[in-house]
Visitor: 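Sharing a structure here in structure tokens format.
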Amino acid sequence: MMFGITANSWLQLGLYMCALTALAVPLGAFMARVLSGERHFLSSVLDPVERLMFALCGVKPEAETNWKGYALGVISFWLAGFLLLFVLLMTQQWGPLNPQGIANLTPDLAFNTAVSFVTNTNWQSYAGETTMSYFSQMVGLTVQNFVSAAVGIAVMAALIRGLSRHSTDKVGNFWADMIRANLYILLPLSLIVTVALASQGVIQTFDANVTAKTLEGADQVIALGPVASQEAIKMLGTNGGGVFNTNSAHPFENPTPISNFIEMLSILIIPAALCFTFGKMVGDRKQGVAIFAAMTLVFVPFTVAAIGFEQWGNPHLVAAGADTAANMEGKETRFGITNSAIWAAATTAASNGSVNAMHDSFTPLGGMIPMLLMKFGEVIYGGAGSGLYGMLVFVILTVFIAGLMVGRTPEYLGKKIGAYEIKMASIAVLLPCAFVLIATALAVMTPLGQAGIYNPGAQGFSEVLYAVTSATNNNGSAFAGLGANTPFYNTLLGVCMLFGRFFVLLPVLAIAGSLAAKKTVPVSAGTLATHTPLFIGILIGVIVLVGVLTYAPALALGPVVEHILMIKG
Amino acid sequence: MSTSTQTHKTDIMSAALQAFRRLDPRYQIRNPVMFLVWVGSLVTTLVLAIVLAQPDNVIGGGQPVWFVGLICFWLWFTVLFANFAEALAEGRGKAQADSLKKARRDVSAKKLDKSKKQTVVAANTLRKGDAVIIEAGDVVPADGQVIEGIASVDESAITGESAPVIRESGGDRDAVTGGTRVLSDWLIVRVTADPGESFLDKMIGLVESAKRQKTPNEIALSILLAALTLIFLMACATLLPFSLFSVERAGSGVVVSITVLIALLVCLIPTTIGGLLSAIGISGMQRLIKANVIATSGRAVEAAGDVNVLLLDKTGTITFGNRQAVEFIPSNQVSVQQLAEAAELSSLADETPEGRSIVALARGQFGLPERTAADVTAEFIPFSAEQRVSGIVINERHIFKGAGDAITKLVARKGGAMPVEVTAAVEEIAKKGGTPLIVAEGPKVLGVIYLKDIVKPDIKARLAELRKMGIKSIMITGDNPLTAAAIASEAGVDDFMAEATPEAKLKYIRKMQEGGEMVAMVGDGTNDAPALAQSDVAVAMNSGTQAAKEAGNMVDLDSDPTKLIEIVEIGKQLLMTRGALTTFSIANDLAKYFAIIPAAFATTYPALGLLNVMGLSSPQSAILSAVIFNAVIIVALIPLALKGVRYRAESASNMLTRHAFIYGVGGIITPFIGIKLIDLGLTVVGLV
């Protein structure tokens with residue numbers, strides 16, 4: 001045992017972090033070339049495709065827009081995607097590739113699901129295998145798995161341009177960014193991961209469900225589907241919406257420890273690599289490394305804590321005659337505590353939301369870790385693109401406070417942070433917090449909301465809190481145990497997801513526009529260095545403090561009190 | 001000593017009185033953080049009234065009357081303490097500005113109409129453009145520009161400097177300031193400021209909180225504080241439904257009371273910085289007045305902290321203003337005597353210290369007769385910034401003196417050329433850091449005057465400090481590049497700009513600004529005005545011209561060019577103090593949660609008592625201690641807010657390390673200790 005977790009757990013976590021870093025650095029450099037429109041090794045192969053797509057869509061990549069034009073692109077693209085998906089889900093019964101003859105969705109569920117996938121949340125109010133036709137899964141959900149992630153990456157690229165350009169109002173061409181992110185980043189990576197997963201036995205089929213006779217002679221229906229292809233982008237695009245209801249705990253989605261490792265890597269690889277993309281695009285790699293370091297320095301201790309709480313488990317179990325206090329409830333034996341806890345931390349740190357174990361069955365504090373990671377606003381790696389731009393919002397706030405302390409108007413990468421940036425950054429931090437708190441209050445105060453809360457006391461409260469936190473921060477993972485597929489929760493959480501996405505994304509674009517117009521102040525000894533360990537420390541402090549201070553009372557009434565009650569028995 | 005203690009006491013008394021007056025909600029609403037505390041206090045007062053009438057009323061949430069009463073009392077004091085801090089800062093700044101302003105009250109002015117007829121009017125009826133005559137013994141009624149006459153003026157009321165100064169039309173000393181007194185002769189002055197718009201009036205506006213305009217960083221910080229306040233407002237407001245739900249599901253305990261929620265809210269919102277923010281701003285301005293600098297906008301003071309390029313005039317800042325002529329070096333065909341005579345003639349009308357020193361040297365060495373410009377019938381050609389030469393036309397003799405390149409051009413135009421030995425002498429002098437001044441008659445170059453420049457002894461250390469803070473110093477001089485380089489290296493400036501014309505200065509500043517630099521400069525002459533207007537921070541000398549003063553955004557009453565460095569420090573200190581107290585204020589919240597959360601839910605979930613890490617004696621005492629700490633810390637930090645965080649010349653990273661440790665880590669630890677001590681105190685007096 002070292003620092004509360006076993007040496008084996010350290011080894012596995014260490015291996016995971018090393019693999020992640022080793023892959024993120026080259027991928028980050030590659031993505032920087034893609035987003036800057038430079039040539040790279042895929043250019044020779046895919047250039048004709050790119051030109052064809054630009055021609056088909058009438059996109060001129062050199063025709064850049066200001067931030068408002070960019071935002072208009074995002075919103076219109078989002079709206080079209082939402083309407084298409086909504087209609088598709090409402091009419092899937094009559095559509096193709098529906099061997100099970102699955103019915104149309106109810107309007108509230110279709111709304112919730114459509115919003116969920118276009119906002120890159122992938123909150124699943126439905127059970128995949130019994131609610132979605134193969135066509136809905138592939139053409140509806142998987143398409144959004146790609147493009148919603150690409151939108152995040154595009155917006156982040158716009159923000160980076162705002163930081164690295166000066167005296168201009170142009171932040172890029174949304175359509176070009178979006179197409180390139182799909183064509184060069186998401187599609188090739190998905191292809192690699194799909195093949196790798198299929199090699200581990202993840203299924204990929206259009207066949208109808210299989211019925212098997214069990215030992216007792218009963219009929220068991222085994223659901224199938226085109227899983228491997230969706231699995232890859234589900235992880236890579238920080239989406240998280242599985243083909244099956246039990247998500248990556250299901251053996252057809254995640255059969256072996258190796259598939260588990262690949263999937264865990266896929267969760268964080270793009271958000272982590274984007275840090276290095278950022279460093280390269282702003283022309284100061286140290287800045288990217290600093291952001292990556294800040295994220296990692298939050299992620300590792302939290303993961304260790306989650307593993308620790310689960311391994312420590314519930315001491316009363318031993319007293320009750322169990323072999324160990326360790327908490328294996330809700331976990332797959334082929335993954336064990338360590339890989340379930342790393343997954344839980346990774347999936348909530350990134351706004352992924354897939355699960356390979358049931359978070360509701362974690363110990364109270366073990367379950368609080370994923371919740372906290374989401375409450376930090378999904379900036380510890382975070383969603384594809386959205387994690388980094390969310391993180392940069394926190395960097396702006398940190399630079400502001402720290403910058404004042406050195407007696408200068410705060411500046412980041414040579415850009416002076418003024419009232420406008422602070423206003424937008426405040427909106428981006430404030431509104432998601434507000435939605436979480438108000439939605440939780442609505443759920444616990446109204447009969448409709450209370451109707452879905454099955455568990456008693458603090459646990460019931462934690463479940464609601466987790467659900468709205470997950471939705472608002474576009475994570476999508478759930479504490480099971482909450483009956484969320486009701487018109488009330490579908491609507492409430494749908495609204496949370498929608499506002500949680502756009503009230504961060506739009507202020508971020510506004511910041512990008514405002515920063516792009518500014519001059520770049522040259523660096524001097526009086527400039528606050530934003531790549532030093534000290535700054536990283538303050539940044540972490542600000543993220544943790546904002547998260548903890550905002551939610552401390554709520555957390556105290558949920559997981560904290562539960563934990564204390566558990567140890568007291 | 002006793003008088004200062006006395007004023008100190010009256011300051012405090014009047015500030016205390018002001019604190020109560022400012023409870024007016026119309027006043028409070030300007031500061032959202034404190035306004036919320038004000039509303040919270042009001043609501044608690046209502047709760048108290050209800051509980052006093054009906055102790056069992058549900059509004060009271062089962063809290064005892066004494067508890068509600070004490071919370072209410074301390075919440076009001078939180079507001080009062082913040083008001084007090086602001087009033088105290090304002091009082092000090094105003095007292096200083098008032099004493100400056102006093103001089104010009106009840107002054108009458110002799111206004112001149114177009115036919116130069118005098119009418120006596122009150123000074124405050126004067127408008128921009130009016131002409132007044134001021135004779136010996138009169139007080140200058142308003143800021144203005146001398147259009148006729150020369151007089152000695154006592155400016156001690158403003159500058160504190162008792163030696164009288166000369167003010168005259170035309171030259172670099174044509175500005176007069178209202179409130180000063182003409183000692184001899186007379187001046188006709190054109191008024192340049194309407195009543196209420198003079199420099200002093202603007203300065204007074206900066207230290208009056210009601211009129212004060214917030215500076216850009218202050219606005220940004222206010223937005224951040226308002227956002228934090230909103231977050232905490234929501235966290236506390238939603239706690240009521242959460243608590244209702246928890247009580248219902250746990251089946252035990254009491255719903256958290258309104259009093260406790262308000263107490264929690266007030267403890268969490270950034271009241272420390274919110275309450276002291278305006279005091280910090282006002283006292284920053286006050287420190288500026290104390291340094292005898294008048295700013296026309298707070299924005300300029302804040303910008304001073306951001307400056308990364310300082311344009312320093314060589315003369316007066318880096319070297320002692322007066323260059324002295326020490327040697328005449330003639331060209332081959334000319335005798336020293338001839339050169340000295342010509343130099344003396346050309347400098348007769350030159351009232352600059354250099355000009356006078358040339359005349360003095362010539363007379364001292366060669367016994368030339370005493371005479372003034374009025375004694376000779378000649379045409380004097382004054383120095384123009386464009387030509388950069390001055391001279392005399394006497395009996396068909398055209399004698400000019402000026403810098404090397406200017407004279408070269410001049411003689412070239414007349415068909416002459418620069419002799420080799422003169423060029424050599426010029427370079428020799430320049431290498432030694434001196435200023436060569438070439439004298440020419442017609443197309444013929446007579447020789448060189450060696451003007452010696454003396455670098456101030458302390459300037460090198462000052463400039464090194466600036467460099468540590470990341471500020472580049474650029475020396476501006478009309479000298480040729482060689483001279484400039486010698487002095488630049490002696491003084492240790494980062495760069496220099498030689499043979500600087502006003503146009504070149506302006507261009508240089510623009511170029512710097514395009515590269516994102518913030519430029520500060522000092523100027524006094526009319527030809528500095530365009531460059532001053534372009535600079536981000538522009539300090540005009542009080543001894544300078546009216547045009548320079550109007551182009552600048554600060555006036556240094558001491559006319560000390562090194563003051564710029566002090567202004568930069570004041571600007572930085574202002575920002576640092578805000579940043580430090582913000583960090584402290586937010587860091588404080590952690591301890592307050594540990595005090596209040598277990599206490600607030602003690603009845604619902606007694607298990608949360610485990611979070612009572614400070615071991616506070618009872619739920620009521622815990623909440624009360626947190627509220628008291630929150631109020632008292634404002635008072636405790638007033639001295640820091642007024643004095644500002646101590647400034648040291650060091651790099652940003654050192655500064656950040658120290659401040660993050662003191663105000664961040666210190667801000668986390670202090671309230672744990674403070675709240676525990678207050679709790680102990682409350683227990684000892686038996687209040688809880």
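Predicted model only: the values in this text are computed from it and were never measured. Here is the naming used below: chain letters follow the sequence lines, and residue numbers restart at 1 for every chain.
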Visitor: Contact part of B:E218 toward chain A, heavy-atom cut-off under 4.5 Å: side chain, backbone, both or neither?
Guide: neither
Visitor: Checking B:L244 against chain A: side chain, backbone, both or neither under 4.5 Å from a heavy atom?
Guide: side chain
Visitor: Closest heavy-atom contact between A:I422 and B:A220?
Guide: CG2-O, 3.4 Å
Visitor: Need one label for A:I427: side chain, backbone, both or neither, based on atoms under 4.5 Å from any heavy atom in chain B.
Guide: neither
Visitor: What residue, out of B:A226, B:G579, B:S246, B:A587, has the most heavy-atom pairs lying under 4.5 Å from chain A?
Guide: B:G579
Visitor: Do you know which of A:I401, A:L404, A:V429 makes side-chain contact (heavy atoms from CB on, under 4.5 Å) with B:L224?
Guide: A:I401
Visitor: Heavy-atom distances under 4.5 Å only: say whether A:A425 touches chain B with side chain, backbone, both or neither.
Guide: neither
Visitor: For A:K416, which atoms come within 4.5 Å of any heavy atom of chain B: side chain, backbone, both, or neither?
Guide: side chain
Visitor: Looking only at heavy atoms, which two atoms of B:P241 and A:M445 are closest? And how far apart?
Guide: CB-CG, 3.2 Å
Visitor: Measure A:T440 against the heavy atoms of chain B and call it side chain, backbone, both or neither at under 4.5 Å.
Guide: both
Visitor: Kindly compute the distance separating OG (A:S524) from NZ (B:K468), expressed to the nearest 0.5 Å.
Guide: 14.5 Å
Visitor: Let me know if B:Q573 has heavy atoms under 4.5 Å from chain A in its side chain, its backbone, both or neither.
Guide: neither
Visitor: Nearest 0.5 angstrom please: A:Y551 OH to B:T238 OG1, how far?
Guide: 9.5 Å
Visitor: On the 0 to 90° scale, with breaks at 30° and 60°, tag the B:F245-A:F461 ring pair as parallel, tilted or perpendicular.
Guide: tilted
Visitor: Quick one: does any side-chain atom of A:K519 pair with a main-chain N or O of B:Q513 as donor and acceptor, under 3.5 Å?
Guide: yes
Visitor: Side chain, backbone, both or neither: which part of B:L228 has an atom under 4.5 Å from a heavy atom of chain A?
Guide: neither
Visitor: For B:S473, give me all partners under side-chain hydrogen bond (donor to acceptor under 3.5 Å, both in side chains), at least two apart in sequence or on another chain.
Guide: B:D494
Visitor: Restricting to non-hydrogen atoms, name the atom on A:L430 and the atom on B:A227 that form the minimum distance, rounded to 0.1 Å.
Guide: CD1-O, 3.6 Å
Visitor: Within a 6.0 Å radius of atom NZ on A:K423, are there more than 12 heavy atoms belonging to other residues, nucleotides or ligands?
Guide: no
Visitor: By side chain to side chain contact (heavy atoms under 4.5 Å, CB included), which residues pair with A:F499, not counting sequence neighbours?
Guide: A:F435, A:V495, A:F503
Visitor: Quick check: closest heavy atoms across A:L557 and B:F242, and the distance to 0.1 Å?
Guide: CD1-CB, 3.6 Å
Visitor: Look at atom CZ of B:R658 and say whether more than 12 heavy atoms of other residues, nucleotides or ligands are closer to it than 6.0 Å.
Guide: yes
Visitor: For the residue pair B:L239 and A:P553, what are the closest heavy atoms and their distance?
Guide: CD1-CB, 3.3 Å
Visitor: Does any donor atom in the side chain of A:T409 or B:N217 lie under 3.5 Å from an acceptor atom in the other side chain?
Guide: yes
Visitor: Is the shortest side-chain heavy-atom distance between A:R408 and B:M518 below 4.5 Å?
Guide: no
Visitor: So which of A:L397, A:V561, A:V436 has the biggest tally of heavy-atom pairs under 4.5 Å with chain B?
Guide: A:V561
Visitor: Going by residue number, which parts of residues 529-544 of chain A are within reach of chain B, meaning a heavy-atom gap below 4.5 Å?
Guide: A:L534, A:I538
Visitor: For each of A:V521, A:L437, A:V546, tally heavy-atom pairs with chain B at distances under 4.5 Å, and name the one with the top tally.
Guide: A:L437
Visitor: Minimum heavy-atom separation for B:M576 and A:M405, please, with both atom names.
Guide: CG-O, 3.2 Å
Visitor: In Å and rounded to the nearest 0.5 Å, what is the CZ to OG1 distance from A:F400 to B:T582?
Guide: 7.5 Å
Visitor: With a 4.5 angstrom heavy-atom cut-off, could you sort out which part of A:Q450 is near chain B: side chain, backbone, both or neither?
Guide: both
Visitor: With sequence neighbours left out, write down each residue that passes side chain to side chain contact (heavy atoms under 4.5 Å, CB included) with A:L549, or none if nothing qualifies.
Guide: A:L545, B:F232, B:I586, B:D589, B:Y593
Visitor: In Å and rounded to the nearest 0.5 Å, what is the CE to OG1 distance from B:M234 to A:T550?
Guide: 8.5 Å
Visitor: Do you know which of B:K572, B:M655, B:E650 makes side-chain contact (heavy atoms from CB on, under 4.5 Å) with A:V406?
Guide: B:M655
Visitor: Return the option, out of A:V444, A:L465, A:V548, with the maximum number of heavy-atom pairs under 4.5 Å with chain B.
Guide: A:V444
